[in-house]
There are 2 protein chains.
Amino acid sequence: MNEQHPLGPLVRRWSRHSSLTPSDRDAIIALPHVRKTFAKDAYMVREGQRTHECSLLLRGFAYRQKLLSNGSRQIISIHIPTEFVDLQNGILGVADHSVQSLDRCEAAIIPRDALLEIAARRPALRMAMWIDTLIDASIFREWVVNVGRRDARTRVAHLLCELVVRLEKIGMGRDGMVDFPLTQEQLADCTGLTAVHTNRTLQSLRKDGLIQLNARSLTVLDWERMREVADFDELYLHQEI
Amino acid sequence: MNEQHPLGPLVRRWSRHSSLTPSDRDAIIALPHVRKTFAKDAYMVREGQRTHECSLLLRGFAYRQKLLSNGSRQIISIHIPTEFVDLQNGILGVADHSVQSLDRCEAAIIPRDALLEIAARRPALRMAMWIDTLIDASIFREWVVNVGRRDARTRVAHLLCELVVRLEKIGMGRDGMVDFPLTQEQLADCTGLTAVHTNRTLQSLRKDGLIQLNARSLTVLDWERMREVADFDELYLHQEI
DNA sequence: CGTTAATTTGAGACCATTCAATTTCGGTGG
DNA sequence: CCACCGAAATTGAATGGTCTCAAATTAACG
């Protein structure tokens, strides 16, 4: 029963962009792993650390960040369940940034060698892994655009759109409403703004009837107009379905 | 003679991060390809285009960009000789952004299927390709940090550092002096600044005796201090040697 | 229900932008 | 070789978006 198995979601994710044989699916399910729970704000990976395993997020949210010498930080990406938070580290061998949990979350820890081994033996799976890292990269590119060339309002709206779409893709959320665990300060660190200005920007989006955001819950009220305001085109997410 | 062969530089680049057997090297050299010259400012890849081939830059510089609905643009990355400008497109199948030449340049156009085929048969080469795309992604992450959380001066300095280091790695440049084909407007589109402010920022770096920049030539005069000013740590380039 | 974290508000300062004009530079034709 | 041209670089002044700092309010949590 893949449906109940902790690695079932990974099978489903990879099936979306790669065509897997039944035996590929079995190979995923057979991956050795241990489940691990992380408290809120726990480090899942530390910058500079050598990698021996990869973490697949099963429940909860996580983010990747880089700290600057002047004390500020930039969040590089947000991760939602069914995603690897550090697949690239498993390949490059050393983490060039940290990963932290956004809330209490659960992950399947898979030995790096086990992943490399199924990658070596199973063309479809290695392609699926590669594609995962390429989609990651595509999202990074869009983030460069977001922080580089969009004003605060558009920038924040774009990030919200991305998260809602990604959450809906994995079935977490309906009618534009999703669980939303980011504080405004974290939102600010995603968008390169200050927390204060992020607050004012959110108020502006609220006032215009575009979103509703409170108590861990985000709703996009007018998807049509939101998409417009956010300059949002989801092609870069490469999620055809 | 790999030294004279157009794909020789690719052998050398991949050898830096992956260990290749002689037969791997031969397989690279045997890749079918055609040489193609691009005029200055020519499109090498267009956003939305389906991919049938990948371009390896042999001479000259190129950049990837995204255009926004408000008319502005963000440059996503700069590419120098020996790099693929669109390896990820070859895998994902559709280009989510454009690639343009920065000056007159020359590329080896390799059929996508030929690359996929050596990737399928040669573990070391597929790993080398994957690593290339992962290093790309790592650079994107650093760019997010750069435009997101650094002020103009640090931001521009950081970009200059990155380019000098990457150019020196491939033997183009000595003693901090490199061929530099970016206009200030393009520099601005890399850093999310305006051309005017980029100009003032460069002047400030010049005034402080950090760089010399004119007529397609950039020299870092005080590498120690420049590194400091730029908040530059090259770990993210993943170029051990 | 107290305590801390998160959000909100206000006012002033500043970094970067905008717009417009001027100067320099690289390339081209006479 | 010089005159010319358009592109690139430079300068100035005014505007504005975002930041900073500090305080007040609200929400989360044990």
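Just so it is clear: chains get the letters A, B, ... in the order the sequence lines come, proteins before strands, and each one is counted from 1.
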Quiz item: First and last nucleotide of DNA chain C touching chain B, 5' to 3', heavy-atom cut-off 4.0 Å?
Solution: C:dA16 to C:dG26
Self-check item: Nearest-Å distance for atom pair CZ/P, residues A:Arg155 and D:dG17
Solution: 13 Å
Quiz item: side-chain hydrogen bond (donor to acceptor under 3.5 Å, both in side chains) between A:Gln65 and A:Gln74: does it pass, once the steps are laid out?
Solution: CA-CA 6 Å; A:Gln65 65 170 349; A:Gln74 175 70 41; over 6 Å; no
Self-check item: Carboxylate-amine/guanidinium contact B:Asp233 B:Arg227, below 4.0 Å
Solution: no
Quiz item: Looking across every strand, which nucleic acid part, if any, lies under 4.0 Å from A:Asn214 by heavy atom: base, sugar-phosphate, or nothing?
Solution: nothing
Practice problem: Salt-bridge test for A:Asp189 and B:Arg149: reply yes if a basic N is under 4.0 Å from a carboxylate O, no otherwise. | Solution: yes
Practice problem: Could you tell me whether B:Arg64 and B:Asp86 make a salt bridge, using a distance below 4.0 angstrom between a side-chain N and a carboxylate O? | Solution: no
Exercise. Just call it for A:Ala215: base, sugar-phosphate, or nothing, with non-hydrogen atoms closer than 4.0 Å on any strand.
Key: sugar-phosphate
Quiz item: NA contact type, A:Arg104, heavy-atom cut-off 4.0 Å: base, sugar-phosphate, or nothing?
Solution: nothing
Exercise. For B:Asp41 and B:Gln186, work out which heavy atoms get closest and say how close.
Key: OD1-NE2, 4.4 Å
Practice problem: Return the nearest nucleotide to the side chain of B:Thr183; candidates are D:dT18, D:dA8, D:dT11. | Solution: D:dA8
Quiz prompt | Per B:Asn199 side chain, nearest of listed nucleotides D:dC19, D:dG12, D:dA9 | solution = D:dA9
Quiz item: How is B:Leu202 classified with respect to the nucleic acid when contacts are heavy atoms under 4.0 Å: base, sugar-phosphate, or nothing?
Solution: nothing
